[in-house]
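Report on the structure given below.
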Amino acid sequence: MPVSRELQLPSGDKIPTVGFGTWTVWQGGEGEIYRAVKEAIKVGYRHIDCAWVYKNQEEVGQAIKESIDEGAVKRDDLFVTTKVWDTAHRRDAVKENLKQSLVQLGLSYVNLLLVHYPVSFKDGDDPFPKDNDGNIIFAYHDIVDTWKGMEDCVDADLARNIGLSNFNHLQVQRIIDASRIRPSVIQLEINPLFSNSQLVEYCQKRNIHVTAYAPLGAPNRPWKTKDEPDLLEEPVVKQLASAKGKTPAQIVLRCLLQRGIIIIPKSSTPARIKENFELFDTELNDDEMKQMAALDRNLRVYIEPIAANHPEYPFNDF
Ligand SMILES: NC(=O)c1ccc[n+]([C@@H]2O[C@H](COP(=O)([O-])OP(=O)(O)OC[C@H]3O[C@@H](n4cnc5c(N)ncnc54)[C@H](OP(=O)(O)O)[C@@H]3O)[C@@H](O)[C@H]2O)c1
């Protein structure tokens, strides 16, 4: 199946199908993401996935600025995404949160702004406000009102495109029904162990492009239990990799691209950054795609337990 390097958005913009993830909490270290993004741009990535809550947008911004100054890329050729965090869901807080991201990134606009989660936390600068018992203090903003704030950001030329992340199909439909500017992209956890097919198809049928986060199954997550399978060690993945002269990660990423899904793998390792970008010289046939589909274990790894009691907690439905 042929795979496009870019997908068209209703605004006329094009989103590169292979992007670069920038969230890292378990390794971290100052400068890690700065170095990774610089390397990614050098290798050819033009789509960079960021978020206010990742607390590293200054590093991303520094890497972008230096890459532009050195002539490695032009701003117009980059597709930068950021996300509005749960503590900024009041309509007028959305734009303020984006403005903070823009200052951190050193940009005057983002190509794509997403609502990070449908749940809202108490407004303010603390991303995880807690009560004396250590529980998150929720807020109860209407997601439609938050969406109006997203549309305001397009009107103000601060975001070229807007979309959602971690919304279930009922929440997606509520936004579609109430929107003046429709969501054009949704970012969801997707990989062969968690195919998320129902929601992917629901969104794709409604002309919402789907981006897979944790496309490799977040193999180094510190909360991984011994019982949970390691996607990159699955026999079928290794077998297809060796048959095609590719790596397990390349097989997994290629499989997602062939489902029409945008991918944003994260790596801080130069060889892997390059490897994860070299996906257009191989192909999985129908039978191989079926073998990959059979890996589905409905294994969600980002379950966001701190928000489980919120009425907008998304993961009790598809
Ligand atoms: N919207 C949301 O709620 C949400 C949630 C989670 C993530 N995201 C976004 O999605 C991006 C990707 O998700 P993720 O970082 O959780 O998971 P991921 O991309 O599935 O996995 C990243 C991990 O895989 C390792 N890795 C990368 N390439 C590899 C390769 N070729 N072979 C073996 N291991 C490899 C990396 O290690 P090294 O770095 O050591 O190479 C890193 O530890 C994030 O960075 C973030 O931008 C969004």
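The basis for the numbers below is simple: all heavy atoms, side chains too, and nothing from hydrogens, waters or symmetry mates. Residue numbers run from 1 in the order of the sequence given. Start at 1 and go down the list; that is how both ligands and their atoms are numbered.
- P129 has its side chain within reach of T87: a pair of non-hydrogen atoms, C-beta onward, lies under 4.5 Å apart.
- When the options F20, W23, Y54 are ranked by their closest heavy atom to atom 8 (N) of ligand 1, first place goes to Y54.
- When non-hydrogen atoms are compared, ligand 1 lies under 4.0 Å from the side chain of H116 (C-beta onward) but not from its backbone.
- Paired with Y302 under the rule ring pair (Phe, Tyr, Trp, His ring centres under 6.0 Å), one option of Y117, F194, W223 passes, and it is W223.
- No N or O atom of P219 sits closer than 3.5 Å to an N or O atom of ligand 1.
- Set against the non-hydrogen atoms of Q187, the atoms of ligand 1 under 4.0 Å away are 1 (N), 2 (C), 4 (C), 8 (N), 9 (C), 48 (C).
- Here's the thing with L232: none of its N/O atoms is less than 3.5 angstrom from an N/O atom of ligand 1.
- With contacts defined as side-chain heavy-atom distances shorter than 4.5 Å, the pair I176/I208 qualifies.
- Those atoms of ligand 1 with a heavy atom of Y302 less than 4.0 angstrom away are 6 (C), 14 (P), 16 (O).
- Between K244 and E288 there is a salt bridge, since at least one side-chain N of the basic residue sits less than 4.0 Å from a carboxylate O of the acidic one.
- Neither the backbone nor the side chain of A51 comes within 4.0 Å of ligand 1, counting heavy atoms alone.
- Heavy-atom proximity to atom 11 (C) of ligand 1, evaluated over V115, T211, I264, T22, is greatest for I264.
- A perpendicular orientation is assigned to the rings of Y54 and H116, their planes being inclined by more than 60° (bins at 30° and 60°).
- Under 4.0 angstrom from ligand 1, the non-hydrogen atoms of S165 all belong to its side chain.
- Ligand 1 has no atom lying under 4.0 Å from any heavy atom of T247.
- With a 4.0 Å heavy-atom cut-off, ligand 1 is reached by the side chain of A249 but not by its N, CA, C or O.
- Residue contacts with ligand 1 for L114 are absent, since no atom lies close enough (heavy atoms, distance under 4.0 Å).
- Taking 4.0 Å as the cut-off between side-chain N and carboxylate O, D49 and K83 count as a salt-bridged pair.
- Within the 4.0 Å heavy-atom criterion, both parts of K266, backbone and side chain, lie near ligand 1.
- Residue-ligand proximity, N220 to ligand 1, at heavy-atom distances under 4.0 Å covers atoms 25 (C), 36 (C), 37 (O), 42 (C), 43 (O).
- I264 places a side-chain heavy atom less than 4.5 Å from the side chain of H47.
- Within the listing of ligand 1, atoms 38 (P), 39 (O), 41 (O) sit less than 4.0 angstrom from a heavy atom of S268.
- Considering only heavy atoms from C-beta on, V60 comes within 4.5 Å of I64 through its side chain.
- A salt bridge does not link K38 to E32: none of the charged nitrogens lies less than 4.0 Å from a carboxylate oxygen.
- For ligand 1, the atoms lying closer than 4.0 Å to a non-hydrogen atom of P265 are 19 (O).
- In this structure, K246 pairs ionically with D281, as a charged nitrogen and a carboxylate oxygen lie closer than 4.0 Å.
- Proximity to D49 (heavy-atom distance under 4.0 Å) selects the following atoms of ligand 1: 9 (C), 46 (C), 47 (O).
- With salt bridges taken as basic N to acidic carboxylate O contacts below 4.0 Å, none links D145 and R90.
- Residue G217 approaches ligand 1 through these ligand atoms, each under 4.0 Å from one of its heavy atoms: 20 (O).
- Residue contacts with ligand 1: R272 is placed with a nitrogen or oxygen under 3.5 Å of a nitrogen or oxygen of the ligand (distance criterion only).
- Defined by atom type and a distance below 3.5 Å, a donor-acceptor pair is present between the side-chain atoms of Q100 and W52.
- Listed by number with element, the atoms of ligand 1 under 4.0 angstrom from any heavy atom of T269 are 38 (P), 40 (O), 41 (O).
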